[in-house]
Amino acid sequence: MTDIAKQMNQLRETLRYHEYQYHVLDEPKIPDSEYDRLFHQLKTLEQQYPEFITANSPTQRVGAKPLSGFSQIIHEIPMLSLDNAFSDEEFYAFVKRIQDRLVLLPETLEFCCEPKLDGLAVSILYVNGVLTQAATRGDGSTGEDITANIRTIRNIPLQLLTDHPPARLEVRGEVFMPQAGFEKLNELALAKGEKTFANPRNAAAGSLRQLDPKITSQRPLMLNAYSIGIVEGVDLPETHYGRLQWLKSIGIPVNAEIQLCDGVENVLNFYRTIQQKRPTLGYDIDGTVLKINDIALQQELGFISKAPRWAIAYKFPAQEEMTI
Ligand SMILES: NC(=O)n1nc(-c2ccco2)nc1N
């Protein structure tokens, strides 16, 4: 490989490292200006030596041309929906159903507790560590191919940060728009006499459904992963929390509020703590998702038709609708 090509690959690795530090660990090691300088340096070299451009270079996030439409993708593993609870009593009933079903009941039940992000569920497939395909949840069995738009989301890595990537890894998570970005987008739209969005969830959905990736690329979208679908060629941790930590270690952003809670009272404390923090999070949530942490127990409990027996969305009381 020529020295130029080596220099370009080195720049790509450096940029990927700093993207990880900034977007996943929230611990930037360099100022944005230095990142922009490195990015511009790589962009310039790629313009001078286009033969050395790689598909997953950090400069290749925005697709060339708009699509004429979205093709359909069938989910190999259906994307499940969640049963809801709206009170402590309904959560207790959910736990009792679990206790009644488990053959060997552990002393206490450990839950992985997560904020329930109010965005759009997506599925992102990495083949040998490279972002290859992405789809909306759709009806749970079939979704729309939004690969070109997902590639433009800055905190989603175009390739996994590991020397031993799994043959296939499907990351499932929520794409959302932070409130600050939503307000700025609506101000811009108002100033340009364009339509505004009623709420960040609609703004995220509208941005992901753009046929032109250049438009999506200008929208302040983020992903937080919350589960794994297809996985081949790697031994995963045996707990849900352990799997989320593993995703984070290979470059996938995971929500910072996620906690392990042992026993029902600690789970309810988490619910109330997140409810209190809700106005300060900077993004919309509509409750929490409380999951049995042990994978073997999840598998023993299985699903009722589409929803899992091992997880429940405990929602907050409806807020008065926002008026724009
Ligand atoms: N929306 C959201 O934040 N979700 N959704 C799940 C989920 C849906 C199905 C299994 O897990 N988990 C979280 N944190």
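First listed ligand is number 1; within each ligand, the first listed atom is number 1. Only this structure's heavy atoms are used, side chains among them; waters, hydrogens and symmetry mates stay out.
- F111 and F94 have tilted rings, their planes meeting at an angle from 30° to 60° on a 0 to 90° scale.
- Ion pairing between a basic and an acidic side chain is recognised when a charged N comes within 4.0 Å of a carboxylate O; D286 and R278 show no such pairing.
- Salt bridge absent: R201 and E174 never bring a charged side-chain N and a carboxylate O closer than 4.0 Å.
- Between F316 and Y271, the two ring planes are tilted [angle within 30° to 60°].
- A heavy-atom cutoff of 4.0 Å around ligand 1 is satisfied by the protein residues L80, L82, E114, P115, K116, L117, E174, Y226, V289, K291.
- More than 12 heavy atoms of other residues, nucleotides or ligands shown are found within 6.0 angstrom of CD on E232.
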Practice task
Let me see the working for K184 and E187 under salt bridge (Lys or Arg N to Asp or Glu O under 4.0 Å), right down to the final yes or no.
Solution key: CA-CA 5 Å; K184 214 160 76 181; E187 270 166 40; over 6 Å; no
